[in-house]
There are 2 protein chains.
Amino acid sequence: MQRRPQTRNTHQLQAVYQAVCQSSSHPSADEVYWHVRRNLPRISLGTVYHNLQRLVAQGKISVVLLGERTARYDPTTTAHAHFVCQQCGQVEDVFLSHTLLGIDLNVLARQGYRITAHNLLISGLCPTCGGRRSARLQ
Amino acid sequence: MQRRPQTRNTHQLQAVYQAVCQSSSHPSADEVYWHVRRNLPRISLGTVYHNLQRLVAQGKISVVLLGERTARYDPTTTAHAHFVCQQCGQVEDVFLSHTLLGIDLNVLARQGYRITAHNLLISGLCPTCGGRRSARLQ
DNA sequence: TTGCTTGCAAATTTTTTGCAAAAAC
DNA sequence: GTTTTTGCAAAAAATTTGCAAGCAA
């Protein structure tokens with residue numbers, strides 16, 4: 001019942017992985033594609049998608065959905081939340097104390113649910129875009 | 001600076017709203033479309049999308065993204081989390097004590113962020129699909 | 001050599017857009 | 001009567017799939 005790794009260490013796979021790791025902006029598949037093309041000009045977008053899926057399946061990267069239609073990829077696989085600024089669109093990792101959230105998730109577990117993952121998306125204005133000052137913006 | 005409501009109360013708008021409210025499964029636009037078609041056979045999918053956007057803009061329904069490519073619509077607009085069963089795909093509303101989460105969000109606010117919304121998505125196995133029993137499933 | 005992986009292109013899926021006709025107010 | 005809304009179809013955006021050729025092991 002053991003999963004075959006079935007992963008060949010191709011140049012394309014390495015390049016896709018490094019592109020996600022080097023980016024600090026939670027890149028989309030297309031952004032990874034254009035980044036990788038600088039070193040591997042013949043890589044195709046389909047290959048990028050394939051390798052991103054492979055890396056997600058291996059647990060090396062994670063995929064996050066931030067309220068857009070496009071999936072974004074994240075080299076950080078430990079549990080954390082994401083903040084998206086509604087003005088500049090920037091995405092930031094947020095590390096909250098998950099003990100607090102864990103208390104609530106335990107309530108679900110006691111009801112018979114098995115929790116395997118959770119994603120928290122926070123929207124608002126970052127400090128640069130006027131978060132503090134325009135607190136009454138609505 | 002006041003926003004014109006500019007909303008005409010058409011049959012299509014009412015039908016779309018009722019379809020979302022009557023469904024307990026967080027329907028996608030396409031599911032709303034097929035439901036509404038039973039009463040309004042000539043409605044188009046584009047009209048369904050238009051009216052869903054209108055209802056979201058009015059705050060009558062909310063849109064949730066649950067890790068799929070398709071957006072889902074929710075008649076519950078108060079803050080709550082969503083549980084998605086990885087096996088049967090069922091979506092359930094989860095009402096956690098947001099005071100706990102609020103404590104952590106206050107940390108962000110103190111750093112200059114302005115929080116306007118947050119979405120929490122929880123994945124796992126529901127009790128029916130073996131949540132409690134297969135706790136060691138991986 | 002074996003068969004996973006690539007590149008290319010076409011197909012799919014989901015959502016948006018343009019526009020004339022219909023409906024609401 | 002005027003302006004929004006509809007229905008239809010085409011376009012756009014994002015991702016998946018099929019397949020012959022290439023490459024890793």
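All values reported here derive from a predicted model rather than from experimental measurement. The chains referred to below are lettered A, B, ... by the order of the sequence lines, with proteins before strands, and numbering in each begins at 1.
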S.K.: Between B:Leu52 (CG) and D:dT6 (P), how many Å, whole number?
M.R.: 11 Å
S.K.: Just checking, is any N or O donor in the side chain of B:Gln86 or A:Thr116 under 3.5 Å from an acceptor N or O on the other one?
M.R.: yes
S.K.: Under 4.0 angstrom, heavy atoms only, what part of the nucleic acid is B:Glu68 near: base, sugar-phosphate, or nothing?
M.R.: nothing
S.K.: Can you find a heavy atom in the side chain of B:Val91 that is under 4.5 Å from one in the side chain of B:Phe83?
M.R.: no
S.K.: Counting only side-chain heavy atoms from C-beta out, which of D:dT6, C:dG7, D:dT15 sits nearest to B:His50?
M.R.: D:dT6
S.K.: May I ask you to check whether B:Asp93 and B:His26 show a side-chain donor-acceptor distance below 3.5 Å?
M.R.: yes
S.K.: Would you say the side chains of A:Asp74 and A:His82 form a donor-acceptor pair under 3.5 Å?
M.R.: yes
S.K.: Hey, does the side chain of A:Tyr49 come within less than 4.0 Å of D:dT15's phosphate (OP1/OP2), counting only N and O?
M.R.: yes
S.K.: Whole-Å distance between C:dT5 C1' and A:Gln14 CD?
M.R.: 14 Å
S.K.: Using distance alone, with no hydrogens and no angle criterion, decide if B:Gln90 and B:Ser25 have a side-chain donor and acceptor under 3.5 Å apart.
M.R.: no
S.K.: Distance check: side-chain N/O of A:Gln12 vs OP1/OP2 of D:dC23, anything under 4.0 Å?
M.R.: no
S.K.: Do any side-chain nitrogens or oxygens of B:Ser44 fall under 4.0 Å of OP1 or OP2 in D:dT6?
M.R.: no
S.K.: Please round to the nearest 0.5 Å and tell me the distance separating atom CZ of B:Arg42 and atom OG1 of B:Thr47.
M.R.: 11.0 Å
S.K.: Out of C:dC25, D:dT5, D:dT17, which nucleotide sits closest to the side chain of B:Thr7?
M.R.: D:dT5
S.K.: Any heavy-atom pair between the side chains of A:Leu108 and B:Val94 that's under 4.5 Å?
M.R.: yes
S.K.: Output yes when at least one side-chain N/O atom of B:Thr10 is less than 4.0 Å from OP1 or OP2 of D:dT6, else no.
M.R.: yes
S.K.: Give a yes or no answer on whether the side chain of A:Glu31 reaches the backbone of A:Ser28 with a donor-acceptor pair at less than 3.5 Å.
M.R.: yes
S.K.: Please report, rounded to the nearest Å, how far the P atom of D:dT4 is from the CG atom of B:Asn9.
M.R.: 16 Å
S.K.: Taking atom types as they are modelled, would you say the side chain of B:Arg8 forms a donor-acceptor pair with the base of D:dT3 within the 3.5 Å cutoff?
M.R.: yes
S.K.: For C:dT6 and A:Arg54 - does any side-chain N or O of the residue sit under 4.0 Å from the phosphate oxygens OP1/OP2?
M.R.: yes
S.K.: Starting from P on D:dT6, measure out to OH on B:Tyr33 and report it in whole angstrom.
M.R.: 14 Å
S.K.: When the nearest nucleotide of DNA chain C is assigned to A:Thr47 and to B:Tyr73 on a heavy-atom basis, which residue is associated with the more 5' position?
M.R.: A:Thr47
S.K.: Output the rounded distance in Å from CD (B:Gln58) to P (D:dT4).
M.R.: 15 Å
S.K.: Distance check: side-chain N/O of B:Arg72 vs OP1/OP2 of C:dT14, anything under 4.0 Å?
M.R.: no
S.K.: Could you state the atom-to-atom distance from CD1 of B:Ile43 to P of C:dA22 in whole Å?
M.R.: 17 Å
S.K.: To the nearest Å, give me how far apart CD (A:Glu31) and P (D:dA13) are.
M.R.: 15 Å
S.K.: Provide, to the nearest angstrom, the distance between the CG atom belonging to A:Leu45 and the P atom belonging to D:dA13.
M.R.: 14 Å
S.K.: Assuming nearest nucleotide by heavy-atom distance, tell me which of A:His11 and A:Gly46 is located more 5' along DNA chain C.
M.R.: A:His11
S.K.: Between the two ends of the helix from C:dT1-D:dA25 to C:dC25-D:dG1, what is the bend in degrees, rounded to 10 degrees, where each end axis spans five pairs?
M.R.: 40°
S.K.: Give a yes/no on whether any side-chain N or O of B:Asn51 is located under 4.0 angstrom from OP1 or OP2 of D:dT6.
M.R.: yes
